[in-house]
Amino acid sequence: MTDALAAADFPYALERVGLLMSPLADDPLEAEGVLNPGSGRGPDGELYLLPRLVATGNVSRIGIARVVVEDGVPVGVEREGIVLEPERTWEVGAQNAGVEDPRTTFLPAIGLHVMTYVAYGPLGPHTAVAVSEDLRAWRRLGPVRFGYDDALDVDLGLYFNKDCVFLPEPVVGPDGVTSIAVLQRPGWDLSEIRPGEGVHPPSWVEDTRPSIWISFVHLDRVREDVGALAEWRGHRVLAAPEMPFEELKIGAGPAPIRVPEGWLLLHHGVTGELVGSLAQQQNVNYAAGAMILDAERPWQVVSRTTEPLLSADTEDEQSGIVPNVVFPTAIEEIDGVRYVFYGMADSKIGVARLVRR
């Protein structure tokens, strides 16, 4: 049974530190915002963000920027270029293109940084995977391939999928095999691909709002062929929207981190009014909540917040390309303190301190 906890009773909280990164006024590659970064430590030990950079026309690239730290606190960034841009046929459509919203996880078990990102190609947004040894040179493993399970009566490859992120440590999966777990978020509305098709979920899904799922990749398979990181199996629902701040949908945030209670997962919940699944929304509210997943069985939710840990309350969070958005995507430790990096109104990047109560 899942415990529903008020934010004041949840063992972790978020405290704003401030604005970390804003778009450069004279850079056309950032004309529509810098947001939703991945992160990691480079071979030099420095902390880097991998921000989504949005150019005119909503064309996204993934950059790299060193985090500037003063007295143990992240206060700014130094840009160091582009690490991924839409170059493959499945990342570029006739009227759109993009590599978007990177989520990065360092996996010591294989010695690689693993990135999931949204390839915005000819059939809309689909998740892809890439790997790197140094955060700069990324090897694409291609779009995710979803193993078929007839008991689910669903081909997850049909659907748009976002908010995907790997756990940093192997777990023993439900099938008893040591595996790498990954969170995903399929959406059932096919009308953007085939007009008139509408919401088309598997028959057993009662709540058709986008929810967090979990899948698995056998670790031995990855050690034999790193391309297996893009072949996900053992799909199951992890968490559906339940709380008022999750009224429309939920999605995973940064890679979950190990805490004494299990795995801490920050996530976002959405309220308001959605207009289509691809449009830049103007009447929504994104807020950050949290869940504790079971340490040994991360496909089970132990507790979750009934209200947000962080909402769009500041000017930078309320005014931007998509107003009223707090969207956490990265967690990193600096001098023993964990910091959360998050998108602000789809325009800027903010930072908050993760504290234990």
Side-chain angles (χ1 to χ4, degrees), residues 32 36 52 54 56-60 86 88-101 116-129 142-164 183-215 230-233 235-242 246-252 267-286 321-325 327 346:
E32 294 190 18
N36 304 355
R52 173 182 169 186
V54 189
T56 302
N58 193 29
V59 176
S60 294
R88 302 296 188 264
T89 55
W90 41 274
E91 297 168 344
V92 179
Q95 301 178 38
N96 60 269
V99 290
E100 305 178 351
D101 294 350
T116 63
Y117 67 96
V118 177
Y120 189 19
L123 294 181
H126 293 270
T127 291
V129 180
V144 172
R145 283 85 70 191
F146 296 92
Y148 179 69
D149 181 350
D150 195 55
L152 291 179
D153 182 30
V154 61
D155 175 7
L156 289 177
L158 291 176
Y159 303 96
F160 296 160
N161 207 312
K162 291 188 173 185
D163 302 319
C164 303
L183 306 181
Q184 55 161 307
R185 207 277 305 279
W188 307 123
D189 188 356
L190 294 177
S191 59
E192 301 281 0
I193 299 175
R194 187 181 185 191
E197 191 64 32
V199 177
H200 194 96
S203 58
W204 57 269
V205 171
E206 296 180 358
D207 189 337
T208 60
R209 294 174 296 177
S211 303
I212 301 172
W213 286 48
I214 188 169
S215 300
E231 300 170 1
W232 303 353
R233 298 182 178 275
H235 324 296
R236 56 177 61 199
V237 178
L238 173 65
E242 290 185 12
E246 305 164 343
E247 180 184 5
L248 297 181
K249 58 182 178 178
I250 58 174
H267 71 286
H268 60 265
V270 186
T271 59
E273 180 184 0
L274 288 173
V275 180
S277 56
L278 298 182
Q280 289 182 329
Q281 306 296 322
Q282 297 298 307
N283 298 297
V284 292
N285 290 271
Y286 279 71
I321 299 297
V322 179
N324 302 311
V325 171
F327 196 83
D346 273 17

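Residue numbers count from 1 along this sequence. All values below come from the heavy atoms of this structure, side chains included, with hydrogens, waters and symmetry mates left out.
Separation of atoms CD1 (I212) and CD1 (I250) is listed at 4.0 Å; rounding is to 0.5 Å. Rounded to the nearest 0.5 Å, atoms OH (Y117) and CD (E91) are 4.0 Å apart. The distance from the CD1 atom of I321 to the CG atom of N58 is 8.5 Å, given to the nearest 0.5 Å. Here E273 contributes atom CD and E247 contributes atom CD; the two are 11.0 Å apart, rounded to the nearest 0.5 Å. With rounding to the nearest 0.5 angstrom, the CZ atom of F327 is 5.0 Å from the CG atom of N36. Note that CZ of F160 is 8.0 Å distant from CG of L190, once rounded to the nearest 0.5 Å.
Here the side chain of E231 pairs no donor or acceptor atom with the backbone of G147 at under 3.5 angstrom. Without hydrogens or angle criteria, R194 side chain to E192 main chain gives no donor-acceptor distance under 3.5 Å. Looking only at distances, a side-chain donor or acceptor of T127 sits under 3.5 Å from a matching main-chain atom of N161. At distances below 3.5 Å, not a single donor-acceptor pair connects side-chain atoms of D346 with backbone N or O atoms of V325.
Shortest non-hydrogen contact noted between A128 and W90 is CB-CZ3, 3.7 Å. Summarising the geometry of L248 relative to G272, their closest heavy-atom pair is CD1-O, 3.4 Å, with the distance given to 0.1 Å. In terms of heavy atoms, L183 sits closest to A252 at CD1-CB, 3.9 Å. The shortest non-hydrogen separation linking W188 to L156 is CH2-CD2, 4.0 Å. In plain terms, the two heavy atoms of P241 and E246 that are nearest each other are CB-O, 3.1 Å. Among all heavy-atom pairs drawn from P186 and S211, the shortest one is CD-O, 4.0 Å.
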Which donor-acceptor pairs under 3.5 Å do side chains of residues 198-207 form with protein atoms, sequence neighbours excluded?
from, atom 1, to, atom 2, distance (Å)
H200, ND1, E197, OE2, 3.1
W204, NE1, L152, O, 2.6
D207, OD1, R209, N, 3.1
D207, OD1, R209, NE, 3.0
D207, OD2, R209, NE, 3.3
D207, OD2, R209, NH2, 2.7

Could you walk me through whether W232 and V129 satisfy the side-chain contact (heavy atoms from CB on, under 4.5 Å) test, starting with their C-alpha distance in whole Å, then the side-chain angles of each, then the deciding distance to 0.1 Å, before giving a yes or no? CA-CA 11 Å; W232 303 353; V129 180; 4.1 Å; yes
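Contact annotation: the side chain of W213 never approaches that of R185 to less than 4.5 Å [non-hydrogen atoms, C-beta and beyond]. Proximity of P125 to K162: side-chain heavy atoms (C-beta onward) are separated by under 4.5 Å at one or more points.
Taking the six-membered ring where the residue is Trp, H268 and Y286 present tilted rings, their angle falling between 30° and 60°.
Taking S215 as the reference, Q184, H235 meet the side chain to side chain donor-acceptor pair (under 3.5 Å) condition, with sequence neighbours excluded.
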